[in-house]
Student: 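Let me begin by handing over the structure; questions about it come next.
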Amino acid sequence: MGIHVYNTLTRKEEPLELISPGKVSIYVCGPTVYDDPHLGHARPAVVFDVITRYLKAQGHAVTYVRNLTDIDDKIIEKARQQNRDFKTLGGHYANRYHEAMRRLNVAAPDAEPKATDHILHMRDFISKLIQRDHAYQSRGNVYFAVESFKNYGRLSRRTVPSISSNFSVEQGKRHPADFALWKEAKPEEPSWASPWGSGRPGWHIECSAMSSRLLGENYDIHGGGADLVFPHHENEIAQSESLFGKTPANYWMHNGLVYIAGEKMSKSLGNALNLHGLLEIHRPEALRLFLLTKHYRHPMEVTHPALHEASARLSKLYRFLFRSAWSDAESGELGINRGALWTRFCNAMGKDFNFPMALSVLFEGIRQVNLVSGNSRDAVGADPACRAISLVSDIFFICRDVLGIAPEPSMDAWPYETETKLSDGKLQTATFRRAS
RNA sequence: GGCGGCAUAGCCAAGUGGGAAGGCAGUGGUCUGCAAAACCACUAUUCCCCGGUUCGAAUCCGGGUGCCGCCUCCA
């Protein structure tokens, strides 16, 4: 089954051609752990979770790396304010992130490198860039020389002069658009020894160092939020390509951002919905479903009705799943051979992972099965039409193994009445609580 | 200023040359002891506006309007 992927690098949808057939290597930018995760963090996590699950369902061996940025200005500042060790603070919020991911049924990545565990590799990376004249030392800082890399600006479609006009000239920089690879330590800041004095790495270098370390100099897919295109991914490409002579990732995938009341959701705007808060009032599967209602590349707006609708859709899905479970058990081995619905689902997923289209296939299938099963509990199992059996089997597989949306084994019915009450009552007060 | 995105029913949202998916909400019906669930029917002669190309456009081209993002930390 062919898969086409929209590549930010070329601004085109391209057939996914793997470096090594049957194997997919993916690197996705994870969060900076200085606060609780918000809904915006859940989007790339869920999107790439479903993508990797799908690739696995297609029979690919997937190596999925998602990093954790555990040293940066905001972490240092917050640790200072709270008079805590930056490691302790980062560890706390990493746990909070993991807890939210676990509740959302986001599968753990194969590797989750932390920046502070790879300082050595970053120093090594920077040294090599200096040796090749792509970087230079200025006092205790090291900067990447943007003009040394001819493709700079390719990903974000910018030119060095156009970028430069927006940068203030900093002391010690040769060019206004040059960016820091290594930052000289200020007093009382966490720091590591280096050939350039004690300091800490710049943000972008961690992804170059860790991705090359874990996935090699050239891997298949790099993902992240659309707001990372510039400067983060642009700089990452500059670093990696300068050193290895090729783009680190063949496909650059960027998920659209989550908006609320017309504004981008972000900590700095103070409008972020705390994931833990949301999870108190919405089933995690409803949140997953919500995040899949729009194509991953487009920006999406979060509203009360939209969240409510996701719950309603989940109810419809779960009612179906519970109703069909009996016949599934009775009909013996299901889920080995995939049927026509799976094919249609794959057709949708092959179009740059068109989740809404794929979900429409799912719900259409549900209606078809409901149509033949009528009101009887076990009509599906009893129905001589193998087609319905095949549909049910495919729907089960898709929900559980690809979408990551399945009822807990302990549940034996879907308490939809509870869900209805929830939607009316607690939403208003609890949903849009601001993240702390 | 530079670069980019979006505009489809009451709402959410697919569809990028030839049948306007799917979901939510609503109305009517079937079923049911009543409900619920489920199903059926109805709900966009038309896809922001104007022009063009074409036998044919939501879809391509030109122009316009509106909203938004990136260019500083950001998923």
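Numbered from 1 within each chain, the chains take letters A, B, ... in sequence-line order.
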Student: So, is A:Lys264 near the phosphate of B:C70, with a side-chain N or O under 4.0 Å from OP1 or OP2?
Tutor: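 For A:Lys264, the contact criterion (side-chain N or O under 4.0 Å from OP1 or OP2 of B:C70) is met.
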Student: Checking A:Glu241 against A:Asn151 for the side chain to side chain donor-acceptor pair (under 3.5 Å) test, could you report, in this order, the C-alpha distance in whole Å, the side-chain angles of both residues, the deciding distance, and whether it holds?
Tutor: CA-CA 9 Å; A:Glu241 197 167 324; A:Asn151 283 337; 3.0 Å; yes
Student: Does A:Glu236 use its side chain to pair, donor to acceptor, with the backbone of A:His204 at less than 3.5 Å?
Tutor: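 No, the answer is negative, given that no donor and acceptor are paired below the 3.5 Å cut-off.
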Student: A:Ala312 has a side chain; which of B:G69, B:C71, B:C24 sits nearest to it?
Tutor: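 Closest nucleotide among those given: B:C24.
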Student: Touch check for A:Thr159, heavy atoms < 4.0 angstrom, all strands: base, sugar-phosphate only, or nothing?
Tutor: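 The residue A:Thr159 makes no contact with any strand.
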Student: With rounding to the closest Å, how many angstrom separate the C1' atoms on B:C50 and B:G66?
Tutor: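 That atom pair is separated by 15 Å.
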Student: So, A:Asn354 side chain and A:Met349 main chain: donor-acceptor pair closer than 3.5 Å or not?
Tutor: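 Not a single qualifying donor-acceptor pair exists.
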Student: Return the value, rounded to whole Å, for the distance between atom CG of A:Leu362 and atom C1' of B:A13.
Tutor: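 These atoms are roughly 15 Å apart.
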Student: Answer yes or no: does a side-chain N or O of A:Arg313 lie under 4.0 Å from OP1 or OP2 of B:A13?
Tutor: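 Indeed not, no polar side-chain atom of A:Arg313 lies that close.
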Student: What integer distance in Å separates A:Arg319:CZ from B:C24:P?
Tutor: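 After rounding, the reported distance stands at 8 Å.
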Student: Does A:Lys294 have a side-chain nitrogen or oxygen under 4.0 Å from the phosphate oxygens OP1 or OP2 of B:A13?
Tutor: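 The answer is yes; a side-chain N or O of A:Lys294 sits under 4.0 Å from OP1 or OP2.
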Student: OP1 or OP2 of B:G4 less than 4.0 angstrom from a side-chain nitrogen or oxygen of A:Arg11, does that happen here?
Tutor: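 Answer no for this pair, as no side-chain N or O of A:Arg11 is under 4.0 Å from OP1 or OP2.
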Student: Nearest whole angstrom, please: distance from the P of B:C70 to the CZ of A:Arg157.
Tutor: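 Going from A:Arg157 (CZ) to B:C70 (P), I get 19 Å.
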Student: Over all strands shown, is A:Val258 touching base, sugar-phosphate only, or nothing at heavy-atom distances under 4.0 angstrom?
Tutor: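 Touches a base.
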Student: Counting only side-chain N and O atoms of A:Thr32, is one of them less than 4.0 Å from OP1 or OP2 of B:A75?
Tutor: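 Yes, A:Thr32 has a side-chain N/O under 4.0 Å of OP1/OP2 on B:A75.
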Student: Roughly how far apart, to the nearest Å, are B:C39 and B:G15 at atom P?
Tutor: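 Between the two P atoms, the distance is 25 Å.
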Student: Tell me what A:His232 touches on the nucleic acid: a base, only sugar-phosphate, or nothing, going by heavy atoms under 4.0 Å.
Tutor: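 The answer is nothing, as A:His232 stays clear of every strand by at least 4.0 Å.
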Student: Between B:C6 atom P and A:His254 atom NE2, what is the distance in whole Å?
Tutor: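 Going from NE2 in A:His254 over to P in B:C6 covers 16 Å.
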Student: Exactly one of A:Ile126, A:Val142, A:Asn235 should register a side chain to side chain contact (heavy atoms under 4.5 Å, CB included) with A:Ile205. Which one does?
Tutor: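 It is A:Ile126; the other options fail the test.
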Student: Among the candidates B:A75, B:A14, B:C73, find the nucleotide nearest to the side-chain atoms of A:Pro44.
Tutor: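 For the A:Pro44 side chain, the nearest candidate turns out to be B:A75.
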Student: Distance check needed: B:A75 P versus A:Leu68 CG, whole Å only.
Tutor: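 After rounding, the reported distance stands at 11 Å.
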Student: When you measure from the centre of the six-membered ring of A:Phe230, is the NZ or CZ of A:Arg158 under 6.0 Å away and within 45° of the axis?
Tutor: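 Yes, a cation-pi geometry holds between A:Arg158 and A:Phe230.
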Student: Hey, is the side chain of A:Glu309 pairing donor to acceptor with the base of B:G23 inside 3.5 Å?
Tutor: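 Indeed, a donor on one side and an acceptor on the other fall under 3.5 Å apart.
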Student: Starting from P on B:U8, measure out to NE2 on A:His295 and report it in whole angstrom.
Tutor: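 Answer to the nearest Å: 18 Å.
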Student: Just the rounded figure in Å: distance from P of B:G4 to CG of A:Leu155.
Tutor: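 It is 13 Å, rounded to the nearest whole Å.
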Student: Counting side-chain heavy atoms from C-beta on, which of B:A75, B:G22, B:C73 comes nearest to A:Phe363?
Tutor: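 So the nucleotide nearest the side chain must be B:G22.
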Student: If you draw the axis of the six-membered ring of A:Tyr6, does the NZ or CZ of A:Arg297 fall within 45° of it and under 6.0 Å from the ring centre?
Tutor: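 Judged by the rule (NZ or CZ under 6.0 Å from the ring centre, within 45° of its axis), A:Arg297 counts as positioned above A:Tyr6.
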Student: Please confirm whether the shortest side-chain N or O distance from A:Arg367 to OP1 or OP2 of B:A38 is below 4.0 Å.
Tutor: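 It does not, given that no N or O in the side chain of A:Arg367 lies less than 4.0 Å from OP1 or OP2 of B:A38.
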Student: With sugar-phosphate meaning primed atoms plus P, OP1 and OP2, does A:Leu257 contact a base, only sugar-phosphate, or nothing at under 4.0 Å between heavy atoms?
Tutor: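 It contacts base atoms.
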Student: Regarding A:Arg158, tell me which of base, sugar-phosphate or nothing describes its non-hydrogen contacts under 4.0 Å with the strands shown.
Tutor: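 Touches a base.
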Student: Are OP1 or OP2 of B:A37 and a side-chain N or O of A:Asn370 less than 4.0 angstrom apart?
Tutor: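 No.
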